[in-house]
Every structure is written in C-alpha cells, then in structure tokens.
There are 2 protein chains.
Amino acid sequence: MKKQPTREKLLDITFEEVYINGYTATSVDAILKKASVPKGSMYHHFKSKKELVLAMVVERLFPKMDAFFSYEIKENESITQSFRNTFLVVSKNRLLVTYGCPLYRLMVELSATDKEFDAVLSTKVNEMKGGIKAMLEQGISLGEFDKSLNSETFATYMLTSVWGILSLSPSLSSSKTFLIQSQYILDSLEAYKLT
Amino acid sequence: MKKQPTREKLLDITFEEVYINGYTATSVDAILKKASVPKGSMYHHFKSKKELVLAMVVERLFPKMDAFFSYEIKENESITQSFRNTFLVVSKNRLLVTYGCPLYRLMVELSATDKEFDAVLSTKVNEMKGGIKAMLEQGISLGEFDKSLNSETFATYMLTSVWGILSLSPSLSSSKTFLIQSQYILDSLEAYKLT
DNA sequence: ATTCAATTAGACTATTTAGTCTAGTGACAG
DNA sequence: CTGTCACTAGACTAAATAGTCTAATTGAAT
C-alpha cells in the first residue's frame with residue numbers, strides 16, 4: 001500500500017470531519033490527529049483552516065457532487081426516467097441518506113455569515129441547477145414537457161427540495177422515505193407532461 | 001419602558017444569535033455582550049450554554065414555528081387554498097426567506113452529532129408533520145383528495161421540501177422564488193385531487 | 001428598618017483554539 | 001558525496017472559549 005501524499009490525506013480527512021461535524025465544530029487539531037499529520041506539514045500546504053476547507057470543497061466536495069447527482073440521459077430513456085434513475089442512485093447512497101447533502105449542509109452553516117464560502121458554494125449550486133435546467137429544456141424540445149414549464153425555477157425547485165428531504169435529521173431519514181418523497185417531486189412534473 | 005427580566009432577554013438574544021450564526025459559532029460571551037448581562041446572571045439562570053440554547057429552542061423557537069406555519073383552515077376554504085395561504089404568509093416573512101427555517105438550520109447543524117438536540121428538535125418536526133397530515137386527512141374525508149394520497153409521507157415531503165427551498169443561501173433566495181417553488185409543491189398535490 | 005434569599009457583577013481559571021517558529025529530515029540533482 | 005530545498009516535526013504563543021467563584025446588591029417580606 002503506497003503512502004498517500006500529505007496534502008491529499010488532509011483533504012480526505014477534512015471532508016469526512018466537516019461533513020459530519022460542520023466547519024466551526026471541526027478543529028484543525030482533530031483533523032491532524034485523525035490524519036496523523038503534524039501541524040507544520042498542514043500549514044506548509046495550506047495557509048489557514050479556511051484555505052484547507054475551501055480547497056477540500058473544490059477538490060473533494062465538488063467532484064463528489066458530480067458523482068452523486070448525474071445529469072446523464074441514457075439512450076431511449078425519457079427525461080422523467082432519467083430523474084427517477086438519479087433518485088434511485090441517491091437513495092442507495094448510505095451517507096447521503098443519513099447525513100444529507102454535504103454541499104447543502106455547508107451552505108446552511110456558512111452562507112449567511114461568510115461571503116467567501118457563499119460565493120464558492122453558490123457557483124456549484126448554479127452549475128447543478130444549470131445541469132437540471134438543460135435536461136428539462138431537452139425534455140421540452142423533445143416534446144416530453146409542455147413549453148409552459150419554467151426550466152429555471154423548476155430546476156431550482158428540484159434541487160432544493162431534494163436537499164431539504166435528504167438533510168433532515170438522521171433519526172428521521174431513510175432510503176425508503178427518500179424514494180417516496182422524491183416521487184412526489186416527479187408528480188409535480190406531471191402537470192407539464194405532454195405524452 | 002419596563003425592564004425585561006434577565007432570563008427572557010437572554011432567550012431573545014440567544015435566538016437571534018443562534019439563528020444567524022449557528023450553535024457552535026455563537027459564543028456565550030457574544031450573547032452576554034449583546035444582551036448586556038453579566039456572566040454570573042446567565043449561569044445563575046442556566047447551568048450551561050447547552051441548557052440556555054435548549055431553553056431557547058423550547059421557549060422561543062418552537063412558538064415562532066407555530067406562528068410561522070399555521071394549520072388553520074378558514075370557513076369555506078379548500079385545504080389546497082389553506083396551504084397556498086400559508087405559503088403566502090411565509091413568503092412575506094423577510095427573516096424566513098433570507099435565512100431559512102431556524103428549526104431546520106439547527107437540525108442540520110446538530111442532529112447528526114448531538115442526540116439531545118436531535119430528540120428535542122425531532123419532536124417539533126413530528127408535531128408539525130402531524131399538523132399537515134391532519135389537514136391532508138381532512139381533505140381526503142371532505143372529498144378534496146383521493147384516498148390513495150398517503151398523508152404521512154406527503155406531509156413529510158411538504159415540510160422538508162419547503163425547508164429545503166427556504167434554507168438555500170441568502171444570496172440565492174427571494175420571496176418571489178419561494179412563492180414559485182412552493183407552487184410546484186402544490187402541483188404535486190394535483191395528482192391526488194378529485195374535485 | 002431589618003433580614004434574607006435571589007440575583008448581579010465581573011475577575012479569574014483551565015482548556016481549547018488557530019496559527020507561528022525554528023530545527024531537523026530526506027530525497028534528489030550535480 | 002554534498003548541497004539544496006521541499007517537507008516534517010512538534011513545542012510554543014496569543015486569543016478565545018465555557019465555566020467557576022466570591023462578594024456586592026437588590027427587592028420583598030416581616
């Protein structure tokens with residue numbers, strides 16, 4: 001087993017700790033202890049706790065979001081079915097169902113008070129919104145949905161309601177309830193369905 | 001202007017600070033300074049920071065939730081219309097639209113790591129879910145919705161998706177977008193409508 | 001007015017926090 | 001083999017943190 005470079009190990013552990021405990025409640029010392037990395041090494045690679053977490057957001061959290069929520073549409077598959085598939089994949093991810101969406105949780109904690117975090121996190125939100133919007137627009141142009149469907153606002157609705165459902169207390173969440181709830185989101189698409 | 005009792009003042013300021021900054025990022029000293037209350041007084045009334053915030057949750061946050069989201073149904077009004085009215089009231093609440101639901105935000109921050117907070121916050125979530133569930137059941141018995149509507153899961157969906165929509169970054173939130181998004185939630189009810 | 005409990009006041013403590021500093025180590029180029 | 005430089009190591013610092021302690025003050029009852 002090859003030794004993982006210090007910087008990469010720090011990013012991995014930082015993701016885990018911040019995901020579960022949040023930014024403020026995660027101490028640098030806790031990260032260093034769990035990663036078995038001395039302080040000097042960390043401050044050699046990152047100039048502050050905030051820089052470390054911002055790097056983690058870009059290099060770990062964002063790629064994970066891309067993996068969690070795909071906007072792929074398979075051959076001969078309706079857009080609705082593509083959404084359903086994505087929800088199914090999400091429902092099978094134990095971490096997501098238990099602890100909610102890490103991007104959303106960080107945004108809830110920090111966006112109101114830290115403009116820098118808000119700016120970084122918001123770009124990803126807008127990118128994801130754009131991905132869903134493009135799918136909806138494809139559905140419109142393919143005649144699956146009515147032209148009256150506002151792809152911009154509906155995309156935002158899908159994103160935020162999924163996050164809301166996911167990020168409930170772990171004691172109130174389960175894979176099964178997520179799947180049922182996400183079906184209701186698809187129900188609201190029915191109003192705009194043509195075929 | 002009558003002087004507000006120390007304990008009450010502390011609960012008020014604690015709500016404001018924890019709502020915006022979160023539990024961990026709010027220091028006892030910051031609360032005391034803003035409330036102009038000396039440390040001894042606070043620790044006379046509450047045995048710890050956690051006790052102070054738990055008291056705030058029960059005595060301030062919960063009543064506010066009751067005020068924010070009412071389950072009242074006016075004479076000659078459909079259940080659907082009652083929901084629409086509630087959403088309209090919520091959309092006019094600047095704090096809610098800007099900073100999201102304080103109950104949900106606290107749950108996102110603490111439920112995964114603190115069982116005591118999770119237990120207290122979850123009771124209110126279940127109570128609110130029960131309120132919505134009762135409205136949906138009334139709608140079923142009055143013939144507004146089909147019996148196939150699962151009032152339990154749909155109530156959870158309504159609650160969590162509203163919170164998800166509300167608790168997005170302040171920089172991405174507005175009263176208008178909330179109103180549009182909440183309409184999509186009502187759209188998903190259409191599938192179960194009879195009249 | 002006097003007593004007494006409730007409350008206020010804030011200096012103090014122990015711990016944890018993010019961050020600094022300087023000395024060392026090791027790999028690699030010449 | 002040697003000099004260099006990126007990285008490691010962890011003791012150290014200053015600030016902030018939650019919480020303690022004892023003395024002073026207040027207000028209500030007698």
Side-chain angles (χ1 to χ4, degrees), chain A residues 1-60 106 109-110 112-118 120, chain B residues 1-60 106 109-110 113-117 120:
Chain A
M1 202 170 106
K2 197 179 146 198
K3 188 190 144 205
Q4 197 185 19
T6 302
R7 190 174 182 283
E8 305 307 305
K9 197 200 289 181
L10 281 172
L11 291 176
D12 286 343
I13 301 291
T14 301
F15 172 79
E16 291 171 21
E17 291 294 294
V18 171
Y19 182 17
I20 305 301
N21 306 117
Y23 174 75
T24 313
T26 299
S27 75
V28 172
D29 286 344
I31 293 170
L32 297 176
K33 192 178 173 186
K34 196 171 170 190
S36 301
V37 164
K39 208 156 228 189
S41 302
M42 187 231 127
Y43 279 97
H44 171 77
H45 290 287
F46 306 97
K47 75 172 213 270
S48 66
K49 176 189 179 185
K50 190 168 169 177
E51 290 299 314
L52 165 64
V53 175
L54 281 169
M56 174 280 278
V57 166
V58 172
E59 298 177 42
R60 290 292 183 278
L106 210 53
E109 183 189 352
L110 299 173
T113 50
D114 191 304
K115 282 181 183 179
E116 219 168 326
F117 270 105
D118 186 40
V120 172
Chain B
M1 203 170 106
K2 197 180 144 196
K3 189 189 145 208
Q4 197 185 18
T6 301
R7 189 174 182 282
E8 305 306 305
K9 197 200 289 181
L10 281 171
L11 292 175
D12 285 343
I13 301 291
T14 301
F15 172 79
E16 291 171 21
E17 291 295 294
V18 171
Y19 182 17
I20 306 302
N21 303 306
Y23 175 76
T24 313
T26 299
S27 75
V28 171
D29 284 344
I31 293 170
L32 296 177
K33 192 178 173 185
K34 197 171 170 193
S36 301
V37 164
K39 209 157 229 189
S41 301
M42 188 230 127
Y43 279 97
H44 170 76
H45 290 287
F46 306 97
K47 75 173 213 265
S48 67
K49 177 189 179 185
K50 189 168 170 179
E51 290 297 315
L52 164 65
V53 175
L54 282 169
M56 175 280 279
V57 166
V58 172
E59 298 178 41
R60 290 292 182 279
L106 210 53
E109 183 189 352
L110 300 173
T113 49
D114 191 304
K115 283 180 183 179
E116 218 167 329
F117 270 106
V120 171

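Residue numbers start from 1 in every chain, and the chains themselves are labelled A, B, ... in the order their sequence lines are given, proteins ahead of strands.
Look at His44(B) and you won't find any side-chain N or O under 4.0 angstrom from OP1 or OP2 of dT8(C). OP1 or OP2 of dT8(C) lies within a sub-4.0 Å distance of a side-chain N or O belonging to His45(B). Side-chain nitrogen and oxygen atoms of Thr6(B) include at least one within less than 4.0 Å of the OP1 or OP2 phosphate oxygen of dT8(C).
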Short N/O separations, protein against nucleotides 19-25 of chain C, under 3.5 angstrom:
residue : atom : partner  : partner atom : Å
dG19(C) : OP2  : Tyr43(A) : OH           : 3.1
dG19(C) : OP2  : Lys49(A) : N            : 2.8
dG19(C) : N7   : Lys39(A) : NZ           : 3.0
dG19(C) : O6   : Lys39(A) : NZ           : 3.0

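Within 4.0 Å of Ser36(B), counting heavy atoms only, lies no atom of the nucleic acid at all.
Going from atom CD1 of Ile31(B) over to atom C1' of dG19(D) covers 14 Å, rounded to whole Å. The CD atom of Glu17(A) sits 12 Å away from the P atom of dA18(C) (whole-angstrom rounding).
Across the interface with DNA chain C, nearest-nucleotide mapping of Thr24(A) and Val37(B) shows Val37(B) to be the residue nearer the 5′ end.
A salt bridge does not link Lys33(B) to Glu17(B): none of the charged side-chain nitrogens sits closer than 4.0 Å to a carboxylate oxygen.
For the pair Thr26(A) and Gly22(A), the tightest heavy-atom approach, listed with the atom from each and the gap, is OG1-O, 2.6 Å.
Under the side chain to side chain donor-acceptor pair (under 3.5 Å) criterion, Lys39(A) pairs with Asp29(A), not counting sequence neighbours.
Proximity note for Ser27(B) (side chain, C-beta onward) versus dT8(D), dT17(C), dT17(D): the nearest is dT17(D).
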